[in-house]
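All ligand and atom numbering here is 1-based and tracks the order in the structure. Please read all numbers here as calculations on a predicted model, not as lab measurements.
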Amino acid sequence: MTSEPAALRGIGLSKRYRGRFALRDCDFSVPEGRVAALVGPNGAGKSTLLAVAAGLVRPTTGTVSVLDSEVRGKLHPDMAFLAQHRPLYGKLTVSEMLRAGRELNERWSSARAEEVLALLAGVDHDARIDTLSEGARTQVALAIALARGPRVLLLDEPLSSLDPLARDEILRILMTEVAERGTTVVMSSHLLNDLRDVCDHILLLDRGRIQLAGDLEDILDEHRFLVGPAAGEAEVGGDVVWRSSTDRQATLLVRGEHVVPSGWAADPVDIEALVLAYLRASRDLARSTG
Ligand SMILES: Nc1ncnc2c1ncn2[C@@H]1O[C@H](COP(=O)(O)OP(=O)(O)OP(=O)(O)O)[C@@H](O)[C@H]1O
């Protein structure tokens, strides 16, 4: 593991629920200032990892640290967490909810809250929370999280069930926060297309295990898709992450040094294709081992 200061670091992190691992031996380190995508299929352990990092769930073994101090059963003061089920009171109006946010949060920057109000310019402050669209509810919850003035922001599926316009609005707010304050963001999502332009770090979880962790550019640089006649496949050396072949053609995802046999093409990968190939490899392995 790197000794670079980390916004969020897990060492040997495991969480078991009734004998089943939701997280297993997870090592990762997200440096400060990164926007990290936490991706993986349903049930991979994303929400569990975020809940452990937020101090809501205790790990079974291992540790998680925020800004180099170990999380021990409560939210780090420099962190804000937006849970998947937005922590809002439906019967309050937006103004009342913001007042409640101020009263419920020890860490509340009034100056920051004023700025954050500007983020809610399009939301009716007299409307009850339970009458708002999903996008507006997410904006209110995000505004309250940002008014804590966090250095690290954890978001559990902030974009799910939002229409494209609302997704764009939330991402714009996040990117402004990152550009102006250097806040570290770790967000889980299934929407790889939306993450492509905003994330510079990736944590890929599958069945509780970290499959990939690191800066996105380095990880994309390390991988190539090789495509060529199936007969040449044996010549490709190195680490083959995933393969798919017909009688005539093979497609391989390779990591690190490898041979490109004559007649084969080596293509760069993007985040979506990379994640899909890792998940397919994992599914193929699970099928073959029963
Ligand atoms: N409180 C709990 N009690 C028992 N099992 C749990 C609990 N929370 C999560 N799990 C189990 O842990 C595993 C990981 O769940 P988790 O919600 O962390 O995954 P996820 O990647 O966030 O999934 P999704 O994308 O569907 O939200 C799943 O098998 C889930 O059923």
Side-chain angles (χ1 to χ4, degrees), residues 8-28 30 35-66 71-76 79-88 134-135 137-138 141-142 145 152-162 166-167 170-171 174 185-196 198-199 201-214 216 219 271-272 274-283 285-287 289-290:
L8 184 66
R9 173 174 288 150
I11 301 177
L13 190 64
S14 296
K15 174 66 193 174
R16 240 182 5 229
Y17 288 112
R18 293 184 222 105
R20 291 191 57 180
F21 281 100
L23 294 175
R24 192 159 195 170
D25 298 328
C26 293
D27 291 324
F28 56 89
V30 180
V35 180
L38 175 59
V39 296
N42 292 124
K46 303 180 296 296
S47 295
T48 303
L49 189 150
L50 293 175
V52 170
L56 297 173
V57 168
R58 283 187 189 270
T60 307
T61 56
T63 59
V64 64
S65 307
V66 173
V71 174
R72 291 175 190 272
K74 63 180 182 123
L75 189 67
H76 187 288
M79 175 179 263
F81 175 47
L82 183 56
Q84 199 167 358
H85 304 290
R86 313 287 177 239
L88 299 171
E134 196 64 29
R137 286 163 56 85
T138 302
L142 184 57
V152 184
L153 181 60
L154 302 182
L155 305 166
D156 199 354
E157 305 222 9
L159 308 174
S160 70
S161 47
L162 302 188
R167 287 211 295 270
I170 295 297
L171 288 174
L174 285 175
V185 177
V186 179
M187 63 173 153
S188 68
S189 183
H190 290 286
L191 301 164
L192 294 170
N193 262 331
D194 288 313
L195 301 180
R196 196 193 313 255
V198 296
C199 293
H201 197 91
I202 185 168
L203 298 174
L204 171 59
L205 264 181
D206 188 29
R207 277 170 267 221
R209 291 187 188 270
I210 296 275
Q211 301 285 327
L212 276 174
L216 190 55
I219 285 184
I271 180 174
E272 190 166 23
L274 181 79
V275 167
L276 282 174
Y278 266 85
L279 296 180
R280 284 183 178 134
S282 169
R283 184 197 57 194
L285 182 69
R287 280 184 183 158
T289 55

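With a 4.5 Å cut-off on side-chain heavy atoms, His76 and Leu154 do not count as touching. At a threshold of 4.5 Å between non-hydrogen side-chain atoms, the residues Val185 and Val198 do not count as touching.
A search for side chain to side chain donor-acceptor pair (under 3.5 Å) contacts involving Gln211 returns nothing, not counting sequence neighbours.
Shortest contact from atom 26 (O) of ligand 1 to any protein heavy atom: Asn42 ND2, 2.9 Å. In terms of protein heavy atoms, atom 9 (C) of ligand 1 is closest to Tyr17 CE1, 3.5 Å. The single protein non-hydrogen atom nearest to atom 19 (O) of ligand 1 is Gly45 N, 3.1 Å, given as residue, atom name and distance. For atom 16 (P) of ligand 1, the closest non-hydrogen atom on the protein side is Thr48 OG1, 3.7 Å.
When the heavy-atom distances from atom 21 (O) of ligand 1 to Lys46, Arg20, Gln84, Arg207 are ranked, the shortest goes to Lys46.
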Can you give the donor-acceptor pairs under 3.5 Å from side chains of residues 14-21 to other protein atoms, not counting sequence neighbours?
| from | atom 1 | to | atom 2 | distance (Å) |
| --- | --- | --- | --- | --- |
| Ser14 | OG | Asp25 | N | 2.9 |
| Lys15 | NZ | Arg58 | O | 3.1 |

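With ligand atoms numbered from 1 in the order given, ligand 1 contributes 19 (O), 20 (P), 21 (O) to contacts under 4.0 Å with heavy atoms of Ala44. Atom numbering of ligand 1 starts at 1 in the shown order; those under 4.0 Å from a heavy atom of Glu157 are 25 (O), 27 (O). Residue His190 has at least one heavy-atom neighbour below 4.0 Å for each of these atoms of ligand 1: 25 (O). In the vicinity of Pro41, heavy-atom distances shorter than 4.0 Å reach the ligand 1 atoms 21 (O).
There is a protein heavy atom less than 4.0 angstrom from atom 12 (O) of ligand 1. Within a 4.0 Å radius of atom 30 (C) of ligand 1, the protein contributes no non-hydrogen atoms.
Between Gly55 and Val71, the shortest heavy-atom distance links the atoms CA-CG1, 3.5 Å. The two residues Ser282 and Arg207 come nearest to each other via the heavy atoms OG-NH2, 2.8 Å.
For ligand 1, one of its N or O atoms has an N or O atom of Ser47 under 3.5 Å away.
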- Task: Start with the C-alpha gap between Val35 and Leu174, add the side-chain angles, then the distance that decides, and say whether side-chain contact (heavy atoms from CB on, under 4.5 Å) holds.
- Result: CA-CA 9 Å; Val35 180; Leu174 285 175; over 6 Å; no
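Note on ligand 1: Gly43 sits in its first shell, one or more heavy atoms being nearer than 4.0 Å.
The main-chain N or O of Leu159 is never found under 3.5 Å from a side-chain atom of Arg167 such that the two would form a donor-acceptor pair.
Just one residue in the list Ile210, Thr60, Leu23 forms a side-chain contact (heavy atoms from CB on, under 4.5 Å) with Leu13, and that residue is Leu23.
Contact annotation: for Arg18 versus ligand 1, heavy atoms closer than 4.0 Å belong to the side chain alone.
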